[in-house]
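Worksheet for the structure shown next.
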Amino acid sequence: MTDARAFQEAVTSWAAGGPGGPARALADSLGVRTAVLLEGLSDLAAVEALATQHGRDLAAEGVWLVPMGGAMNVGRYAATLGPPGLGLRLTGLCDEGEQRFYERGLTRAKAPLHDIYVCAADLEDELIRALGTERVEEILRAEGDFRAWQTFQRQPAQHGRPQHQQVRRFLGTKKGRKIRYGRLLVDALAPARTPAPLDGLLARL
């Protein structure tokens, strides 16, 4: 088991009501100083890709990315990782519609709110807007998903919708697709086109 998986499992267990000892021991041995609260695995893939693009080894720097399995879990994770628990510095990324969960959870954990970066709709929407739909279609074609994308566009529910909204919805129609494209879309970004929430988050790590 890798250090990252061991720490993630120990934190998840503690957040679910299990013992805190294993997470404390791992945090000490790994030199963890910052926890990045992420809603799910697609956000994790994107942030990992961005860090790699900038030559950063976040784990070696004491920064650990924590996918929480949904924004509604942020209160438990903030309490586990923040001042009431491990005492780590907390930062993170969230969707605009889920911001209230982050604010409530961090306030209860007595952690500052200013290091949470908010995506206008969600991270996929930010990445699609940054790249443009033509570039995203090129990536879909390269990954063998272009025919499925064209079929999706012909569905009645998609008629009249802006193309960037269609792409965003398409990425969520198959299990694992958002995770895979979270990395691919970041890899396709020019540094100057990095969406502000991602750029701000990485700069603060």
Side-chain angles (χ1 to χ4, degrees), residues 1-51 56 58-127 168 172 178-179 182 186 194-205:
M1 183 183 296
T2 65
D3 290 340
R5 176 185 280 183
F7 184 62
Q8 175 67 32
E9 290 187 356
V11 167
T12 299
S13 174
W14 190 7
R24 290 187 185 279
L26 281 166
D28 288 342
S29 67
L30 297 171
V32 182
R33 60 176 180 81
T34 298
V36 184
L37 304 177
L38 301 170
E39 292 188 36
L41 294 175
S42 60
D43 293 344
L44 173 68
V47 175
E48 285 180 335
L50 186 67
R56 301 277 300 273
L58 296 181
E61 297 173 26
V63 178
W64 290 80
L65 307 179
V66 184
M68 301 180 295
M72 288 184 290
N73 295 322
V74 68
R76 294 190 289 115
Y77 279 90
T80 298
L81 296 164
L86 293 179
L88 304 178
R89 172 176 168 262
L90 300 181
T91 184
L93 193 70
C94 72
D95 301 345
E96 187 176 52
E98 315 296 348
Q99 186 176 359
R100 66 190 186 281
F101 296 115
Y102 273 64
E103 291 177 346
R104 189 182 309 144
L106 269 67
T107 297
R108 288 177 178 172
K110 296 181 171 56
L113 303 177
H114 55 77
D115 280 346
I116 299 300
Y117 295 86
V118 182
C119 299
D122 56 23
L123 183 55
E124 288 75 29
D125 184 67
E126 294 273 4
L127 291 170
R168 179 182 167 222
K178 282 178 68 173
I179 299 170
V186 168
T194 303
L198 271 180
D199 197 41
L201 176 65
L202 190 67
R204 289 289 290 163
L205 300 181

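Numbers here are sequence positions counted from 1.
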I'd like to know if the side chain of [X] and the backbone of [Y] have a donor-acceptor N/O pair within less than 3.5 Å.
X: Arg168; Y: Asp125; result: no
X: Gln99; Y: Val118; result: no
X: Ser29; Y: Leu26; result: yes

Which heavy atom of [X] sits nearest a heavy atom of [Y], and at what distance?
X: Ala15; Y: Arg76; answer: O-NH1, 2.9 Å
X: Tyr102; Y: Ala71; answer: CE1-CB, 4.0 Å
X: Gly105; Y: Ala78; answer: O-CB, 3.9 Å
X: Gly182; Y: Val186; answer: O-CG2, 3.3 Å
X: Ala120; Y: Glu96; answer: O-OE1, 2.7 Å
X: Ala23; Y: Trp14; answer: CB-CE3, 3.7 Å

Less than 4.5 Å apart, any side-chain heavy atom of [X] and any of [Y]?
X: Leu127; Y: Leu198; result: yes
X: Leu58; Y: Val36; result: no
X: Leu37; Y: Leu106; result: yes
X: Thr107; Y: Leu113; result: yes
X: Glu61; Y: Leu205; result: no
X: Arg33; Y: Val63; result: yes

Once you round to the nearest 0.5 Å, how far does [atom1] of [X] lie from [atom2] of [Y]?
X: Leu202; Y: Thr194; atom1: CG; atom2: OG1; result: 8.5 Å
X: Thr34; Y: Leu81; atom1: OG1; atom2: CG; result: 11.0 Å
X: Leu123; Y: Asp43; atom1: CG; atom2: CG; result: 5.0 Å

> Is a side-chain donor-acceptor pair under 3.5 Å present for Gln8 with Thr12?
Replying inline: yes
Distance-only criterion, 3.5 Å: show the donor-acceptor pairs between side-chain atoms of residues 82-94 and protein atoms not counting sequence neighbours.
| residue | atom | partner | partner atom | Å |
| --- | --- | --- | --- | --- |
| Arg89 | NE | Asp115 | OD2 | 3.4 |
| Arg89 | NH1 | Arg204 | O | 3.3 |
| Arg89 | NH2 | Asp115 | OD2 | 3.2 |
| Arg89 | NH2 | Arg204 | O | 2.9 |
| Thr91 | OG1 | Asp115 | O | 2.4 |

